[in-house]
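Okay, so here's the structure we're looking at.
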Amino acid sequence: MAELTIPGATHQILKDDYASEWMGIEVLKLEDGHATIRMTLRQEMLNGFGMAHGGMIFAFGDTAFALACNPASPPPGAAGTETDTITVAAGVDINFLKPAFRGQVITAVANRRAHSGRSGLYDIQIYAADPHVAAGTNTAGDHTADTNTGGSPADAAATDTPGELIAEFRGRSRTISKK
């Protein structure tokens with residue numbers, strides 16, 4: 001399986017995640033309750049109208065959701081214990097706001113909004129940008145957290161954004177037994 005994470009960051013759910021590997025997902029940031037990922041839209045990810053298939057955008061947002069819901073595994077050699085639970089989607093809603101196209105880089109920013117007992121609520125914003133814009137030269141878009149530093153909304157206003165907002169994904173999670 002190809003390495004999908006930033007150096008030093010690991011996540012057990014990516015180990016055998018062939019869908020995320022096929023999509024070419026790159027993990028940019030992992031923290032408790034937060035994940036930022038990106039990928040480039042390829043021709044086979046488009047629908048008959050020549051824009052990103054909604055299922056691709058949904059699957060991409062769902063991967064960010066899963067990474068934010070489940071704690072990342074410790075780095076190799078670090079002390080850590082196996083858990084007998086996983087956190088999965090109990091339900092999701094997605095709103096498609098604008099289309100994305102072949103060659104654009106899409107970025108998903110997932111953040112935990114609430115957590116109580118075995119249930120959680122997560123918001124995932126999905127942005128699209130042309131490749132040169134995704135490198136950090138765009139300031140368009142409106143989002144609630146700085147995806148580069150994990151800062152506050154005020155910090156986000158002072159930094160570049162990952163492109164134009166194309167979809168909002170809200171996920172409801174539930175922690176269950178692995179068996």
Side-chain angles (χ1 to χ4, degrees), residues 1-42 44-45 52-94 100 104-128 134 143-151 156 162-163 166-179:
M1 170 110 342
E3 181 67 28
L4 298 174
T5 61
I6 54 177
T10 60
H11 207 297
Q12 74 273 4
I13 66 172
L14 294 176
K15 180 181 174 211
D16 294 320
D17 186 344
Y18 299 104
S20 291
E21 181 182 28
W22 178 84
M23 289 190 294
I25 291 176
E26 178 184 2
V27 177
L28 302 178
K29 187 173 185 180
L30 290 175
E31 294 177 355
D32 182 38
H34 173 84
T36 301
I37 63 174
R38 75 176 166 207
M39 75 176 188
T40 300
L41 290 170
R42 302 185 313 262
E44 61 272 22
M45 297 173 167
H53 191 289
M56 291 290 113
I57 301 298
F58 182 93
F60 181 67
D62 190 50
T63 296
F65 176 36
L67 290 168
C69 287
N70 290 280
S73 61
T81 59
E82 282 286 320
T83 179
D84 290 331
T85 62
I86 56 173
T87 302
V88 297
V92 297
D93 296 300
I94 190 165
Q104 286 189 304
V105 176
I106 60 174
T107 302
V109 180
N111 288 294
R112 181 187 307 131
R113 297 295 176 217
H115 186 257
S116 180
R118 297 187 309 145
S119 299
L121 183 64
Y122 295 78
D123 285 335
I124 299 91
Q125 289 78 40
I126 302 171
Y127 302 90
H143 67 285
T144 59
D146 177 2
T147 60
N148 297 322
T149 63
I166 62 164
E168 289 269 354
F169 182 114
R170 172 154 277 192
R172 297 172 305 282
S173 68
R174 186 75 172 165
T175 300
I176 61 171
S177 172
K178 278 186 179 178
K179 297 178 184 208

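It should be emphasised that the depicted structure is a prediction, and the values quoted were computed from it without experimental measurement.
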Checklist entry - How far apart are the closest heavy atoms of Arg42 and Gly24, and which atoms are they? => result NH1-N, 4.1 Å
Checklist entry - Is it true that Lys178 and Asp84 have a side-chain N and a carboxylate O under 4.0 angstrom from each other? => result no
Checklist entry - Is it true that a side-chain atom of Thr63 and a backbone atom of Ala59 form a donor plus acceptor pair closer than 3.5 Å? => result yes
Item to check | Thr107 vs Ile37, side-chain contact (heavy atoms from CB on, under 4.5 Å): CA-CA, chis, key distance, verdict | outcome: CA-CA 6 Å; Thr107 302; Ile37 63 174; over 6 Å; no
Checklist entry - Side chains of Ile86 and Ile13: closer than 4.5 Å at any heavy-atom pair? => result no
Checklist entry - Stepwise, does the side-chain contact (heavy atoms from CB on, under 4.5 Å) test hold for Lys15 with Asp17? => result CA-CA 6 Å; Lys15 180 181 174 211; Asp17 186 344; over 6 Å; no
Item to check | Pair Ser177-Thr85, side-chain donor/acceptor within less than 3.5 Å | outcome: no
Next on the checklist: Does His53, at its NE2 atom, have more than 12 non-hydrogen atoms belonging to other residues, nucleotides or ligands within less than 6.0 Å?
Outcome noted: no
Checklist entry - What's the verdict on side-chain contact (heavy atoms from CB on, under 4.5 Å) for Glu26 and Met39, showing C-alpha distance, side-chain angles and the deciding distance? => result CA-CA 6 Å; Glu26 178 184 2; Met39 75 176 188; over 6 Å; no
Next on the checklist: The test is side-chain contact (heavy atoms from CB on, under 4.5 Å); show your working for Leu28 and Arg38 and say whether it passes.
Outcome noted: CA-CA 7 Å; Leu28 302 178; Arg38 75 176 166 207; 3.6 Å; yes
Checklist entry - Going by heavy atoms in the side chains, are Phe60 and Met45 under 4.5 Å from each other? => result no
Checklist outcome for this item: Heavy-atom closest pair (Gln104 atom, Ala128 atom, distance to 0.1 Å) is OE1-CB, 3.9 Å
Item to check | Short N-O contact, Asp32 and Arg112, less than 4.0 angstrom | outcome: yes
Checklist entry - Do you know which of Val92, Leu121, Ile124 makes side chain to side chain contact (heavy atoms under 4.5 Å, CB included) with Arg170? => result Leu121
Item to check | Min side-chain heavy-atom separation His34-Tyr122 under 4.5 Å | outcome: no
Next on the checklist: Closer than 3.5 angstrom, by distance alone: can the side chain of Asn70 be matched with the main-chain N or O of Ala66 as a donor-acceptor pair?
Outcome noted: yes
